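Shown next, in structure tokens, is the structure this report addresses.
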There are 2 protein chains.
Amino acid sequence: MPSTLPQTPDQDFDAQSIRDALRDAIVDRRLAPGTKLTEGDVGTLFKVSRTLVRAALQALSYEGLVTVEKNRGAFVASPSPEESRQIFATRKLIEPGIVMEACRLIAPSQIQLLRQLLLEEGRLTGERGPTARRAEIKASGDFHLTIAQIAGNAILLRFMEELVARSSLAIAVYGQSVVSSCGHSEHQAIVDALERRDAGAAAALMVHHIDHIEADLDLRERDPTDLKNALGALV
Amino acid sequence: MPSTLPQTPDQDFDAQSIRDALRDAIVDRRLAPGTKLTEGDVGTLFKVSRTLVRAALQALSYEGLVTVEKNRGAFVASPSPEESRQIFATRKLIEPGIVMEACRLIAPSQIQLLRQLLLEEGRLTGERGPTARRAEIKASGDFHLTIAQIAGNAILLRFMEELVARSSLAIAVYGQSVVSSCGHSEHQAIVDALERRDAGAAAALMVHHIDHIEADLDLRERDPTDLKNALGALV
DNA sequence: AATAAGCATATCGTATACAATTTACGCGTC
DNA sequence: GACGCGTAAATTGTATACGATATGCTTATT
């Protein structure tokens with residue numbers, strides 16, 4: 001496995017930047033759910049001691065991106081179906097309010113910025129390859145986060161950062177199509193509503209959009225015996 | 001200052017229990033906003049090394065209960081007026097949805113439990129003294145958290161735990177009356193609505209209730225020059 | 001050959017050590 | 001007495017050390 005994590009070598013990392021680097025890697029799926037994050041290994045990669053790595057892993061565990069098991073270590077989180085439902089239920093509760101508030105506050109330059117993101121997003125859907133896919137995933141999340149930022153509530157923004165990141169994990173585990181391609185046009189419709197300052201429409205579109213993302217997931221409880229079947233085909 | 005923190009002496013504390021003990025102390029105001037939390041001192045109190053204290057403080061800083069300044073240390077958070085507004089804005093966005101969901105799911109035994117809490121709360125409003133006040137503050141928060149628990153969404157519950165705790169800080173800093181006594185009757189009205197499974201009423205009552213809590217705060221920006229006035233009266 | 005036991009290795013949990021930074025205090029100057 | 005400066009003490013930031021727990025492999029036993 002190539003050590004793609006520390007993009008900028010020979011840099012001095014602190015706990016914060018390690019946390020950010022790991023989160024980026026988790027969110028755009030360079031680190032698969034379930035991957036073990038050994039403190040020593042991560043420390044070697046970033047050229048820091050376990051102390052800083054532990055701080056970063058603990059922070060990520062508060063965000064729900066990493067699960068730590070006592071005396072066993074830290075793993076990239078693998079949300080259960082129920083957990084995934086709660087992630088999207090929470091988003092459906094919060095995001096309508098956010099987009100409504102964004103409607104009130106959005107400035108022309110911010111509409112511009114969102115259109116920019118849409119353009120980039122559209123360009124990426126055309127490209128092939130895993131790098132483009134990762135960029136697309138990130139762009140899709142950034143869209144929601146940008147709206148949260150426009151809404152101007154730092155607490156809600158942080159909640160959304162957590163929810164978007166965990167959504168990415170849920171999609172990684174339970175997603176069926178690689179990327180729900182309908183998402184792009186829905187994003188466009190939301191920006192249109194924002195531009196019209198049509199709060200009701202924006203909120204409704206947002207809920208539908210989240211519903212669509214969730215609909216692409218197969219959240220059925222997997223029977224452990226099914227694992228045998230799944231592997232039996234290979235072995 | 002008496003070291004009231006480790007209630008149970010000669011116990012072995014881990015990062016988790018230290019975090020909980022500190023949070024309890026912050027939430028029911030045995031630790032005032034702005035108080036410095038020196039790692040060594042806290043460690044001595046709990047008879048652990050700075051390692052565990054740091055972990056606890058980092059966790060609390062993620063929850064917004066503690067602010068850490070690089071190379072300066074950790075302090076009990078003292079939310080700004082804007083931050084306080086965002087705390088209550090977020091609650092007004094989230095709690096209606098929570099109480100509506102609780103309406104759908106609540107069981108008779110849970111209504112019983114809420115009534116129990118109301119009884120306790122009423123008893124405490126009658127009593128005098130700082131201990132009773134602290135218990136009252138905690139009881140008031142527990143009411144909201146119990147409803148969140150009934151709603152059955154672990155993520156929202158965690159968000160609410162953070163918001164309730166930070167609300168307590170905001171009230172400590174900007175609250176005018178010691179405790180808004182109208183809160184108790186409003187809690188009762190909410191339970192009544194839950195019992196009737198009247199989701200609309202419950203949500204509306206909840207928003208009003210939060211508005212009332214917020215109305216008891218004086219969130220005007222304090223001019224630093226006012227500090228001189230405030231102290232001038234004493235010196 | 002399968003299983004169990006025991007030892008070696010890897011990894012985690014916590015304390016301690018030491019460097020870097022901030023804070024506090026004493027002293028001289030104006 | 002107020003202000004600036006320099007040194008000492010306190011505190012934080014990070015690395016390392018060491019005991020505890022888990023993991024994996026070897027070997028003995030059936």
Side-chain angles (χ1 to χ4, degrees), chain A residues 1 3 5-6 8-22 26 31-62 65-78 228 235, chain B residues 1 3 5-6 8-22 26 31-63 65-78 227-228 231-232 235:
Chain A
M1 172 170 56
S3 58
L5 267 183
T8 43
D10 291 330
Q11 185 184 336
D12 263 18
F13 293 99
D14 58 1
Q16 180 78 10
S17 50
I18 293 170
R19 187 189 71 150
D20 291 345
L22 286 175
I26 293 172
L31 289 170
T35 305
K36 169 134 201 222
L37 299 170
T38 303
E39 295 174 358
D41 294 354
V42 178
T44 306
L45 270 173
F46 289 97
K47 295 179 191 147
V48 296
S49 77
R50 284 173 51 215
T51 307
L52 295 186
V53 177
R54 270 182 85 83
L57 291 175
Q58 281 171 351
L60 289 170
S61 94
Y62 307 141
L65 295 186
V66 155
T67 55
V68 307
E69 297 176 35
K70 188 175 163 81
N71 281 321
R72 294 213 44 240
F75 305 82
V76 177
S78 184
K228 254 191 293 185
V235 180
Chain B
M1 171 169 62
S3 59
L5 268 182
T8 42
D10 290 328
Q11 184 184 337
D12 263 16
F13 293 98
D14 58 1
Q16 180 79 8
S17 50
I18 294 170
R19 187 188 71 150
D20 291 345
L22 285 176
I26 292 172
L31 288 170
T35 305
K36 169 129 203 228
L37 298 170
T38 303
E39 295 173 359
D41 294 355
V42 178
T44 306
L45 271 172
F46 289 98
K47 294 179 190 147
V48 296
S49 76
R50 284 174 51 215
T51 306
L52 295 185
V53 177
R54 271 182 85 84
L57 291 175
Q58 282 172 347
L60 290 170
S61 101
Y62 188 75
E63 298 180 54
L65 295 186
V66 155
T67 55
V68 307
E69 298 177 34
K70 187 174 165 78
N71 282 319
R72 293 212 46 239
F75 305 82
V76 177
S78 184
L227 186 61
K228 254 190 293 186
L231 293 178
V235 181

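Because only heavy atoms are used, hydrogens play no part in the values below, and waters and symmetry mates are left out as well, while side chains stay in. The shown structure was predicted, so the numbers you read here are calculated from the model rather than taken from an experiment.
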Closest to the B:S49 side chain, choosing from D:dT12, C:dT16, D:dT23
C:dT16

Rounded to whole angstroms, how far apart are CZ on B:F75 and C1' on C:dT23?
11 Å

Less than 4.5 Å apart, any side-chain heavy atom of A:I26 and any of A:V66?
yes

If you check every side-chain atom of A:E39, which of C:dC12, D:dT12, D:dT14 has the closest atom?
C:dC12

In whole angstroms, the gap separating P of D:dG13 from CG of A:D14 amounts to 11 Å

Is any side-chain nitrogen or oxygen of A:R72 closer than 4.0 Å to OP1 or OP2 of C:dT11?
no

For A:S17 and A:D14, does a side-chain donor sit closer than 3.5 Å to a side-chain acceptor?
yes

Only residue of B:L60, B:V53, B:V76, B:V68 satisfying side chain to side chain contact (heavy atoms under 4.5 Å, CB included) with B:L37 is B:V76

Between C1' on D:dT12 and CG on B:L37, what's the gap in Å once rounded to a whole number?
14 Å

Atom pair distance, as rounded to whole Å: CG in A:D12 and P in D:dA15
9 Å

C:dG13, D:dT14, D:dT11: which one has an atom nearest the side-chain heavy atoms of A:N71?
C:dG13

Side-chain atoms of B:T38 come closest, of D:dT11, D:dG13, D:dT23, to D:dT11

Ranking B:E69 and A:K70 by the position along DNA chain D of their nearest nucleotide, the one closer to 5' is B:E69

Using whole Å, report how far CD1 of A:I18 lies from C1' of D:dT14.
11 Å

Would a 4.5 Å heavy-atom cut-off, applied to side chains only, mark A:L22 and A:L57 as touching?
yes

Can you tell me how far apart CZ (A:F46) and CZ (A:F13) are? Round to the nearest 0.5 Å.
5.5 Å

Regarding the side chain of A:R50, the nearest nucleotide among C:dA17, C:dA15, D:dA17 is D:dA17

Quick note, B:R54 side chain, CB onward, closest among D:dT12, C:dA15, C:dC12 is D:dT12

Between C1' of C:dG13 and CG of A:L57, the distance in whole Å:
14 Å

